[in-house]
Amino acid sequence: MSQALERRLDQPIVGRLTVIGLGLIGGSFAKGLRAAGACREVVGFDLDAGSRQLAVELGVVDRCAESLAEACRGADVIQLAVPILAMERLLTELAQLDLGEAILTDVGSAKGNVVRKATEVFGAMPARFVPGHPIAGSEQSGVIAAKGSLFRRHKVILTPVPNTAPDALDRIDALWRALGADVEHMDVEHHDEVLAATSHLPHLLAFGLVDSLARRHENLEIFRYAAGGFRDFTRIAGSDPVMWHDIFLANREAVLRILDAFRHDLDGLRAAVDEGDGHQLLGVFTRARAAREHFSKILARRAYVDVMHSNDLIFLASPGGSLSGQIRVPGDKSISHRSIMLGSLAEGVTEVEGFLEGEDALATIQAFRDMGVVIEGPHQGRVTVHGVGLHGLQPPPGPLYLGNSGTSMRLLSGLLAAQPFDTTLTGDASLSKRPMNRVAKPLRAMGAVIETASEGRPPLVIRGGQRLSGMHYEMPMASAQVKSCLLLAGLYAAGETSVTEPAPTRDHTERMLRGFGYPVAVEGRTARVESGHTLTACHIEVPADISSAAFFLVAASIAEGSELVLQHVGINPTRTGVIDILKLMGADIQLENQREVGGEPVADLRVRSARLQGIDIPEDLVPLAIDEFPVLFVAAACAEGRTILRGAEELRVKESDRIQVMADGLQTLGVKAEPTADGIIIDGGPIGGGEVWAHGDHRIAMSFSVASLRASAPIRIHDCANVATSFPNFLALAKQAGIRVSEEGNS
Ligand code: S3P
């Protein structure tokens with residue numbers, strides 16, 4: 001219905017619409033619906049004769065009635081668009097009239113008072129009264145300013161009560177949608193609370209601040225030097241005083257509640273300033289800034305969704321190209337997560353450099369901020385974590401939302417199981433499908449109390465205040481996340497906690513714990529910790545992520561005439577399976593300038609194009625290349641002969657089912673790829689173009705971008721937004737290096 005303003009509806013939604021109150025809101029409602037052809041007739045009424053006349057002249061309504069009774073006679077829908085305090089009198093008058101089957105609705109900024117008054121004057125809340133509130137306006141007022149597009153892409157909240165007639169609700173919903181509005185339904189009380197916090201309180205503060213400063217003697221001075229901050233903060237003090245006076249009187253209870261809560265927090269800030277408590281101030285400011293950025297992004301995405309009518313971010317990859325130059329891919333995701341977790345639990349201030357500013361690692365930062373840790377940044381890869389010690393975390397205000405990040409959820413569950421407070425861990429649609437019993441079961445064996453949704457899926461509800469006991473755990477699968485989760489729980493569990501893995505997995509947790517001065521014993525495939533030690537803040541330099549470098553290792557290998565250097569890449573031996581596999585396939589990769597940085601080995605990787613051969617991938621390399629298989633499948637598709645992968649069932653429970661999703665996409669591109677229960681069989685050969693789906697999995701999106709280097713036609717890759725979870729500047733770096741991929745519509 002979003003094109004409604006350009007295209008008249010085939011069938012009107014209602015017969016006669018009556019709008020009482022021909023101001024900006026009522027006038028715009030009438031004008032927009034009339035233009036959209038949503039009503040057979042639009043009748044207006046206003047106490048002011050001038051407004052009535054203008055409304056007809058401007059085409060806002062078909063005609064105006066001379067009295068309220070006349071306006072309501074024969075109406076199918078009556079919109080009450082009068083100022084909020086005038087509404088009470090209007091409702092009293094309406095209760096005297098015979099309204100027949102007409103549906104009543106309104107546009108008041110507070111809903112509790114309207115529902116109370118209607119209940120009083122009608123004897124009960126009429127089933128055909130649908131209270132509503134469009135969140136739209138303009139600094140102009142009156143029917144002269146009425147605009148049919150005023151509500152387009154604005155929220156309209158309808159607050160039906162339990163006895164509201166469903167057909168009446170549907171009809172009002174349809175009218176607002178015909179105006180291009182984004183309609184939501186909410187409880188009356190909830191609406192009033194939300195609006196008190198998001199709209200009414202800020203207006204009160206703006207009016208109050210300007211008045212308070214203006215009444216001071218030196219006011220002229222103050223206003224003369226009032227720069228951007230004052231201007232921005234007080235912009236809304238220019239709003240209509242009468243309207244706002246009405247709103248505060250109408251939404252008194254909810255405003256008082258939020259005002260009291262805010263006054264308490266303001267006192268806290270005053271005390272911090274008084275006592276010179278910079279830590280407290282920094283905590284409030286960094287949290288506020290992060291929250292502001294977070295919802296700016298949400299709002300931006302919303303706008304994007306509205307414009308595009310879908311949330312599908314499409315990459316368009318053009319065929320051909322070769323790679324050259326030197327690039328540095330973003331910081332290691334696994335190490336970035338751990339730097340925040342251990343930095344938060346340490347005593348003192350940890351400085352992190354090279355931090356991955358991707359959404360997964362940002363989710364971990366947000367979780368710790370929610371638990372009271374002051375974290376500055378990230379700013380160009382620098383993060384400062386003000387550690388609170390092993391026992392300094394505070395209860396978060398609500399569920400911890402971890403987005404797409406399995407690592408955040410699994411590692412956090414270990415340390416949260418040992419906290420004195422309850423927590424709930426939630427995630428996006430992909431994370432909500434991923435298995436969590438692999439951590440919940442062993443944690444329960446240590447004494448943790450954890451609830452999951454069905455089949456061990458998120459959300460996880462972790463009950464605090466449990467005493468954990470150390471134990472030995474033989475992991476059934478090779479998973480660094482499970483190992484790390486249990487070692488983190490082990491920092492709090494009585495005695496010793498040890499974990500044996502069936503095959504080596506990434507050991508960043510063990511290395512970093514030692515870097516923070518916490519003893520970890522590693523013998524063969526078993527890692528042990530005991531509780532009772534502390535973590536001491538340190539400096540962490542995060543190397544570039546070999547999992548992100550992998551896309552370019554494959555890209556430069558398969559694109560003829562390429563030579564590329566990837567700088568400062570982490571080459572921890574538990575992560576280099578991708579290099580080993582590519583070398584077995586005949587890739588030309590050299591490790592240059594090898595060195596150790598903060599306990600992790602790094603090197604510059606020089607890669608030149610090579611003729612790749614299909615291989616049987618050795619199973620012992622699988623855990624060491626677990627995240628790199630999607631792009632290795634692309635290498636296999638470009639190799640001569642057959643590549644066989646076995647023992648990799650874990651790939652089916654990553655951000656997507658990576659075996660199936662890659663097989664589907666490769667087949668679409670004309671590659672012979674046969675999925676098996678625990679792997680895939682790929683026969684190298686020509687690659688065509690086509691439409692493939694990343695299923696919200698960052699690594700799938702980037703792998704098919706790489707495939708375009710050898711494709712004979714463009715590849716359109718759907719559902720790529722999550723590339724930002726691990727590689728936010730992928731498109732820019734890909735372009736710089738020579739891969740011809742860009743966001744569709746933005747090349
Ligand atoms: C990770 C471990 C791996 C990997 C993930 C990050 C980690 O998962 O796939 O991207 O940081 O510990 P598993 O340990 O579940 O294999």
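No experiment lies behind these values; they were computed from the predicted model shown. Values reported hereafter were calculated over all heavy atoms of this structure, with side chains retained and with hydrogens, waters and symmetry mates removed. Just follow the structure's listing: the first ligand is 1, and inside any ligand the first atom is 1.
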Can you confirm whether more than 12 heavy atoms, excluding those of [X], are under 6.0 Å from its [atom1] atom?
| X | atom1 | answer |
| --- | --- | --- |
| Gln380 | CD | no |
| Arg382 | CZ | no |
| Gln594 | CD | yes |

Which of the atoms in ligand 1, numbered in the order shown and given with their element, are less than 4.0 Å from a heavy-atom of [X]?
| X | result |
| --- | --- |
| Ser479 | 13 (P), 14 (O), 15 (O) |
| Ile626 | 9 (O) |
| Ser334 | 1 (C), 6 (C), 7 (C), 11 (O) |

What's the shortest distance from atom 14 (O) of ligand 1 to any protein heavy atom, and which residue and atom give it?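 The protein heavy atom lying closest is Ala480 N, 2.7 Å.
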Taking atom 10 (O) of ligand 1 as the reference point, the nearest protein heavy atom with its distance: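 Atom 10 (O) of ligand 1 sits closest to the protein heavy atom Asp627 OD2, 2.8 Å.
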Regarding atom 2 (C) of ligand 1: of the candidates Gln481, Arg338, Met477, which has the closest heavy atom?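 Among Gln481, Arg338, Met477, the closest heavy atom to atom 2 (C) of ligand 1 comes from Gln481.
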Candidate with minimal heavy-atom separation from atom 16 (O) of ligand 1, of Arg506, Glu650, Lys654: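 Among Arg506, Glu650, Lys654, the closest heavy atom to atom 16 (O) of ligand 1 comes from Lys654.
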Nearest atoms (heavy-atom pairs only) where Arg434 meets Arg410: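 That closest heavy-atom pairing would be NH2-NH1, 4.0 Å.
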Has Thr505 got any heavy atom lying under 4.0 angstrom from an atom of ligand 1?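 Thr505: no contact with ligand 1 (<4.0 Å).
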Would you please classify the geometry between the Phe633 ring and the Phe629 ring as parallel, tilted or perpendicular, with 30° and 60° separating the classes?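 The arrangement is tilted - the two ring planes meet at 30° to 60°.
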Output every pair passing ring pair (Phe, Tyr, Trp, His ring centres under 6.0 Å) with a member in residues 510-532, not counting sequence neighbours, ordered by first then second residue.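 Counting only pairs at least two positions apart or across chains, the ring pair (Phe, Tyr, Trp, His ring centres under 6.0 Å) contacts touching residues 510-532 are Tyr518-His533.
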